[in-house]
There are 2 protein chains.
Amino acid sequence: MATHTQRTRRADALSKQRIVDAAIEILDAGGERALTFRALASRLETGSGAIYWHVENKSDLLVAASDDVIARVLASTDGNVEPFTAIRAVALGMFDAIDAHPWVGAQLVREPWQLAMLKIYERVGAQLRILGVPERSLFYAASALVNYILGVAGQNAANARLDAHEGDRSAFRGAVAARWTQHDPAQFPFAHQIAEQLREHDDREQFLAGIDFILAGIAALG
Amino acid sequence: MATHTQRTRRADALSKQRIVDAAIEILDAGGERALTFRALASRLETGSGAIYWHVENKSDLLVAASDDVIARVLASTDGNVEPFTAIRAVALGMFDAIDAHPWVGAQLVREPWQLAMLKIYERVGAQLRILGVPERSLFYAASALVNYILGVAGQNAANARLDAHEGDRSAFRGAVAARWTQHDPAQFPFAHQIAEQLREHDDREQFLAGIDFILAGIAALG
DNA sequence: ACCTGAACACCGTTCAAGT
DNA sequence: ACCTGAACACCGTTCAAGT
């Protein structure tokens, strides 16, 4: 039968890239919980076992998917500008990518030794060197920046998980602020004092402020 | 039957605290994957459903377990010392606790709005205030420190997951360094340059260096 | 070489039934 | 009020069988 031949020899044969693309779509649309091999197989119109021919396991798939996203960030941010600007640009690129694909934040934290992290270290490290950071503190300086980025990344992923089908950032911040202030003010004075700032602050600005603190500290301590 | 009565009216009745204690033991011994309701029920010599009488679900249990660990950290570190020292002490306390219980790192990153995080913000914020950080940057300064701590926490949890049944930190660092240097030196010069430092560095010292960068930056930028 | 889809060995969670 | 444990609705992964 013609339809049968079409099905088995279709032009859109499976490949790791097609699987990764489909996985990213599912992750973006429904979050980490939505990505199952059954959902993936059904979207790709194949059997769940077929995916294992191209991908080692679920962890391998998640690594490939987040590597895909990070590679795009690094490709789109320029390394050939003033080092201070370059570091802020990669950091902000990471922030925006994780904002758009929160599952990437969780994935980076889960397996930080993957190639994507190495590439980020590479970009940050090169700029710090240009900035004149002495050899002995280069590693610590780079890891401070990367660890900070990872922390915010994880935080963002968690927020998105809580936010779920809302997408309303400011409502979400209000909810967190409300949660913070529901405790005893005598026991949690700081939480009460900053609750209003928490409600109204800009996430990107807050993120960059942290980067700037670290860069200033690196400059000060060398 | 006497044995029967003993079983149903035993002195060591279930309670949330007993469940949390057992969960922590399982998590410490076998990692996050080992904690299942079946394993927990068998250790507590009860049915898996009984646990649900005291605990809402698995997420609730993990929150309670990590809160338990963090509370101990905060109780054991003194807030009544010089602010700079106090901040370093909480940070280091967190680091050591997560080193001993890596699953806490993963849990903090997974649900950062939990009470434990609020307590950390509280401690850090109070010290920054004493340090004279101006009101307008207080929130950003505190969140920079907390996000950094979270990043390292997540990293540590991931490393422990990879390390698994080894526990040999230096062998692990060697393995990561080997992985980093297996790529093309022309494409990853920074990775090759710092591979040796990666192999020999002290994790706690590296962690504190990051804290000091941020504190110096806060002092510099105000 | 690549795909199919049933089967296996797990999960978290629920719930009727017990005490 | 609290506990029991079978049952339900899922998972990731494997693998004999197909093309």
Side-chain angles (χ1 to χ4, degrees), chain A residues 1-23 26-27 29-66 103 106-107 110-111 161 164, chain B residues 1-23 26-27 29-66 103 106-107 110-111 161 164:
Chain A
M1 250 184 228
T3 49
H4 188 241
T5 326
Q6 254 188 337
R7 268 203 124 195
T8 53
R9 290 205 198 170
R10 56 192 188 192
D12 55 342
L14 269 186
S15 67
K16 182 151 183 178
Q17 189 57 52
R18 271 198 70 223
I19 293 171
V20 166
D21 289 345
I26 293 176
L27 286 163
E32 294 165 72
R33 285 189 44 189
L35 182 66
T36 69
F37 276 81
R38 283 166 182 80
L40 200 49
S42 126
R43 175 178 280 245
L44 291 166
E45 289 177 319
T46 180
S48 59
I51 297 166
Y52 282 89
W53 187 264
H54 302 274
V55 145
E56 228 166 292
N57 48 42
K58 189 167 184 177
S59 164
D60 178 37
L61 175 57
L62 282 166
V63 166
S66 65
W103 52 272
Q107 180 53 28
R110 193 147 39 217
E111 310 203 352
R161 204 154 28 208
Chain B
M1 253 185 224
T3 50
H4 188 242
T5 326
Q6 256 187 335
R7 268 202 123 196
T8 53
R9 291 204 198 171
R10 56 193 189 193
D12 56 342
L14 268 187
S15 67
K16 182 152 182 178
Q17 189 56 53
R18 270 197 72 224
I19 293 171
V20 167
D21 290 344
I26 292 176
L27 286 163
E32 294 165 71
R33 284 190 44 187
L35 183 66
T36 68
F37 277 80
R38 282 164 182 82
L40 201 49
S42 126
R43 175 179 283 245
L44 291 165
E45 288 175 321
T46 182
S48 58
I51 298 167
Y52 281 88
W53 187 264
H54 302 275
V55 146
E56 227 167 293
N57 48 41
K58 189 168 184 177
S59 165
D60 177 39
L61 176 57
L62 281 166
V63 166
S66 65
W103 50 273
Q107 180 52 27
R110 193 148 36 218
E111 310 203 353
R161 206 154 25 209

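Reckoned from all heavy atoms, side chains included, excluding hydrogens, waters and symmetry mates. Residue numbering restarts at 1 for every chain, and letters A, B, ... go by the order of the sequence lines.
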So which protein nitrogen or oxygen atoms get under 3.5 Å of nucleotides 9-11 of chain C's nitrogens or oxygens?
from	atom 1	to	atom 2	distance (Å)
C/dC11	N4	B/Arg38	NH2	3.4

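- Atom CG of A/Leu44 is separated from atom P of C/dC2 by 16 Å (rounded to the nearest Å).
- Shown here for A/Ala50 and A/Leu14, the closest heavy-atom pair between the two residues is CB-CD1, 3.8 Å.
- Listed by first and then second residue, the ring pair (Phe, Tyr, Trp, His ring centres under 6.0 Å) pairs involving residues 36-57 of chain A are A/Phe37-A/Tyr52 (not counting sequence neighbours).
- Applying the salt bridge (Lys or Arg N to Asp or Glu O under 4.0 Å) rule to A/Arg43 yields the partners A/Glu25; only residues at least two apart in sequence or on another chain are considered.
- The shortest heavy-atom contact between B/Val20 and B/Ala65 is CG1-CA, 3.8 Å.
- As a whole-Å value, the separation of A/Glu32 CD from D/dG12 P is 12 Å.
- Between B/Leu40 atom CG and C/dG12 atom P the separation is 10 Å, expressed in whole Å.
- The shortest non-hydrogen separation linking A/Ala34 to A/Ala39 is O-CB, 3.8 Å.
- For D/dC3, the OP1/OP2 oxygens have no side-chain nitrogen or oxygen of B/Trp53 closer than 4.0 Å.
- Between A/Ser48 and B/His54, it is B/His54 whose nearest contact on DNA chain D lies nearer the 5' terminus.
- Contact record, A/Leu44 with A/Ala22: CD2-CB, 3.9 Å, taken as the closest heavy-atom pair.
- Every residue two or more places apart in sequence or in another chain that forms a side chain to side chain contact (heavy atoms under 4.5 Å, CB included) with A/Ala106 is listed here: A/Glu32, A/Arg110, A/Ala157, A/Arg161.
- The CG-C1' distance, from B/Asp60 to C/dT13, rounds to 14 Å in whole Å.
- For B/Asp60, the salt bridge (Lys or Arg N to Asp or Glu O under 4.0 Å) criterion is met by B/Lys16, not counting sequence neighbours.
- The nearest pair of heavy atoms linking B/Ala41 to B/Gly47 is CB-C, 3.7 Å.
- Residues satisfying the side chain to side chain donor-acceptor pair (under 3.5 Å) criterion with A/Gln17, sequence neighbours excluded, are A/Asp21.
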Under 3.5 Å, which protein N or O atoms sit close to an N or O of nucleotides 15-17 of chain C? Give each pair with its distance.
none

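- The strand DNA chain D forms stems, runs of 3 or more Watson-Crick or G-U wobble pairs with distances below 3.5 Å, at C:4-8 with D:12-16, C:12-16 with D:4-8.
- Contacts of A/Ser42 classified as side chain to side chain contact (heavy atoms under 4.5 Å, CB included), with partners at least two apart in sequence or in another chain: none.
- Counting to the nearest Å, the P atom of D/dT19 and the CG atom of A/Leu14 are 18 Å from each other.
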